[in-house]
Participant: 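If you scroll down you'll find the structure; I have some questions about it.
In what follows, every chain begins at residue 1, and chains take the letters A, B, ... in the order their sequences are listed.
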Number of protein chains: 2
Amino acid sequence: MRGLLGFLVLFLLSKKPMHGQEIANELAKRRGEKPSPGTIYPALKSLKDLGFLSEDKEGKTITYKLTSKGEKALEIAKKRFTRTFLGVIK
Amino acid sequence: MRGLLGFLVLFLLSKKPMHGQEIANELAKRRGEKPSPGTIYPALKSLKDLGFLSEDKEGKTITYKLTSKGEKALEIAKKRFTRTFLGVIK
DNA sequence: CACATTATATTGGATGTCCGATATATATAA
DNA sequence: TTATATATATCGGACATCCAATATAATGTG
């Protein structure tokens, strides 16, 4: 998986399915800067290629959601993340 | 500042001053892998060059601790980190 | 002293991460 | 149809991140 960006995307999609621009806007809120198209779409492609996302295309928008494989990967990544940053967030 | 490694090092040193090997061992607990010398020492040097750390050399061991500038940088980084990963850690 | 151990330091490079620029496709408006 | 806006996609490359290998220095042990 890609680094923390991929992790965040998985996390966001676990809350609710979204298309690329929605994800980018949500990332903008959290990070302060909206990721460029050259960042978000390759990240989505990478997660899709790993089998973590499925697509639902309607017109020009593609809604992504987690596959069960993606859910498992997220749980594992969450555990590692939590252990690594234990105590950092109170 | 370096990425999350530098952030973690600042956080660990805010708990208590440590020397390089202690930091590496603490990182090993959290991440599962001990960072190589080529990772930890450049990271410490970088943080020192930024004025975030001060050194206390005794024999061959160098104990690092946060400067007040480092404490401020840590607080800022913590806020950003918390906002970015809000909800990821329950 | 000779040897091993521990801590620190540096360098070169492999890989990862991400962006800017650009392109394609669909939808909407005039 | 032409123009505009929106969403997705790709490519090249800049930069960051990190490691393996190696080196230096101090300490401990026989």
Participant: Expressed as a whole number of angstroms, how long is the span from A:Tyr41:OH to D:dT6:P?
Facilitator: 13 Å
Participant: Which of these nucleotides, D:dT8, C:dA9, D:dA9, is closest to any side-chain atom of A:Tyr64?
Facilitator: D:dA9
Participant: Between B:Lys34 (side chain only) and B:Gln21 (backbone N and O only), is there a donor and an acceptor less than 3.5 Å apart?
Facilitator: no
Participant: Are B:Phe81 and A:Phe85 an aromatic pair by the rule of ring centers under 6.0 Å?
Facilitator: yes
Participant: Between B:Glu22 (CD) and C:dT6 (P), how many Å, whole number?
Facilitator: 15 Å
Participant: Check the distance between D:dT8's P and A:Glu55's CD and give it to me in whole angstrom.
Facilitator: 10 Å
Participant: If you check every side-chain atom of B:Lys45, which of C:dT10, D:dA9, D:dT8 has the closest atom?
Facilitator: C:dT10
Participant: Using whole Å, report how far CD1 of B:Ile40 lies from P of C:dT10.
Facilitator: 14 Å
Participant: Closest-nucleotide mapping onto DNA chain C: is A:Lys57 or A:Pro37 further toward the 5' terminus? I mean the 5' end.
Facilitator: A:Pro37
Participant: Measure the distance from CD1 on B:Ile23 to C1' on C:dA7 and round it to the nearest whole Å.
Facilitator: 12 Å
Participant: Between A:Lys29 and A:Glu26, is the closest basic N to carboxylate O distance under 4.0 Å?
Facilitator: yes
Participant: Output the rounded distance in Å from CD1 (A:Ile62) to P (C:dA25).
Facilitator: 13 Å
Participant: How many Å lie between CG on B:Asn25 and P on C:dT6, as a whole number?
Facilitator: 12 Å
Participant: Rounded off to whole Å, could you give me the CG-to-P distance for the B:Leu5 and C:dT17 pair?
Facilitator: 14 Å
Participant: Ignoring hydrogens, what is the shortest heavy-atom contact between A:Arg30 and B:Leu86? Give both atom names and the distance.
Facilitator: NH1-O, 2.9 Å
Participant: D:dT8, D:dT10, C:dA7: which one has an atom nearest the side-chain heavy atoms of A:Pro42?
Facilitator: D:dT10
Participant: Quick one: the side chain of B:Lys60 and the base of C:dT8, do they pair up donor-acceptor inside 3.5 Å?
Facilitator: no
Participant: Is B:Ser36 touching bases, backbone alone, or none of the nucleic acid, heavy atoms closer than 4.0 Å?
Facilitator: base
Participant: Within the side chain of B:Thr67, is there an N or O that forms a donor-acceptor pair under 3.5 Å with the backbone of B:Phe52?
Facilitator: yes
